[in-house]
Colleague: 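My questions will all concern the structure given below.
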Amino acid sequence: MSRSVLIACVIAITIFTLPLNIQTVNSLTPCEVALNDVKPCLTYLWAPPEAKPSPDCCRGVSKVNSSVKTFDQRRDMCICLSTVAAMTTADPYKFDHLPKLCGITLFAPIGPKLDCNSIKV
């Protein structure tokens, strides 16, 4: 293959894949999307023990729950949420009870001390 043909091929591949690269750079990761979805839950997590989660919080938890379909997606989301939970000072009890208070059967438990690699999700 001549050098000019090789260069033309490289340029063509670059041009055709450019939209894919731009989309990847501007897209949020599934973890970032989930954290935005459950952001309304922060009020509940840091509220007094008798507080209940808001409807917006429950909608966010439900959306995250329905967005993970495969084992790998569920494990990764478990790791995402548990890592963030470990960085907060919120009561671990509230993490445990959030899905139940929202009437949701969550794909996996959430909590600051959870080992997502040891559970079947």
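These numbers come from a predicted model, not from an experiment. Scope of the values below: all heavy atoms of this structure, side chains included, with no hydrogens, waters or symmetry mates. One is the number of the first residue; the rest follow in order along the sequence.
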Colleague: Taking all non-hydrogen atoms of both residues, which atom of P53 and which atom of C102 are closest, and how far apart?
Modeller: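 Reported closest heavy-atom pair: CG-SG, 3.9 Å.
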Colleague: Let me confirm one number: the CZ-OG1 distance from R75 to T70, rounded to the nearest 0.5 Å.
Modeller: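 The CZ atom of R75 sits 8.5 Å away from the OG1 atom of T70.
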Colleague: Assigning hydrophobic clusters by single linkage (Ile, Leu, Val, Met, Phe, Trp, Tyr; side-chain heavy-atom cutoff under 4.5 Å), is L35 placed with V68?
Modeller: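 Yes, L35 and V68 fall within the same hydrophobic cluster.
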Colleague: Going by the rule salt bridge (Lys or Arg N to Asp or Glu O under 4.0 Å), which residues pair with D96 if we only count those two or more places apart in sequence or in a different chain?
Modeller: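 Expected list: none.
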Colleague: Return yes if some donor-acceptor pair links the side-chain N/O of S66 with the main-chain N/O of S62 below 3.5 Å, else return no.
Modeller: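 Judged by distance alone, yes, a pair lies under 3.5 Å.
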Colleague: Quick one: do F95 and L81 satisfy side chain to side chain contact (heavy atoms under 4.5 Å, CB included)? Show the steps, please.
Modeller: CA-CA 10 Å; F95 286 102; L81 297 175; over 6 Å; no
Colleague: In Å and rounded to the nearest 0.5 Å, what is the SG to NZ distance from C58 to K63?
Modeller: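 Reported value, rounded in 0.5 Å steps: 15.0 Å.
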Colleague: What do you reckon, C78 and C116 SGs under 2.5 Å?
Modeller: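 Taking the criterion (SG atoms under 2.5 Å apart), C116 and C78 satisfy it, so yes.
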Colleague: Could you go through C41 and C57, starting from their C-alpha distance and side-chain angles, then the distance that decides it, and tell me whether this counts as disulfide (SG to SG under 2.5 Å)?
Modeller: CA-CA 5 Å; C41 298; C57 169; 2.0 Å; yes
Colleague: L98 versus V61: any side-chain heavy-atom pair under 4.5 Å?
Modeller: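 Counting from C-beta outward, L98 and V61 do come under 4.5 Å.
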Colleague: Spell out, yes or no, whether Y93 and L106 are grouped together once hydrophobic residues are joined by side-chain heavy atoms under 4.5 Å, including indirect joins.
Modeller: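 Different clusters: Y93 never reaches L106 through Ile, Leu, Val, Met, Phe, Trp or Tyr contacts under 4.5 Å.
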Colleague: Please walk me through it: do T88 and L45 pass side chain to side chain contact (heavy atoms under 4.5 Å, CB included)?
Modeller: CA-CA 9 Å; T88 70; L45 292 172; 6.0 Å; no
Colleague: Using side chain to side chain contact (heavy atoms under 4.5 Å, CB included) as the criterion, point out the one residue from V84, D115, N117 that pairs with I79.
Modeller: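 The side chain to side chain contact (heavy atoms under 4.5 Å, CB included) with I79 is passed solely by N117 among V84, D115, N117.
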Colleague: Using atom types as modelled and distance alone, determine if a side-chain donor or acceptor of Y44 lies under 3.5 Å from a backbone N or O of K94.
Modeller: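 Side chain of Y44 to backbone of K94, a donor-acceptor pair under 3.5 Å: yes, one is there.
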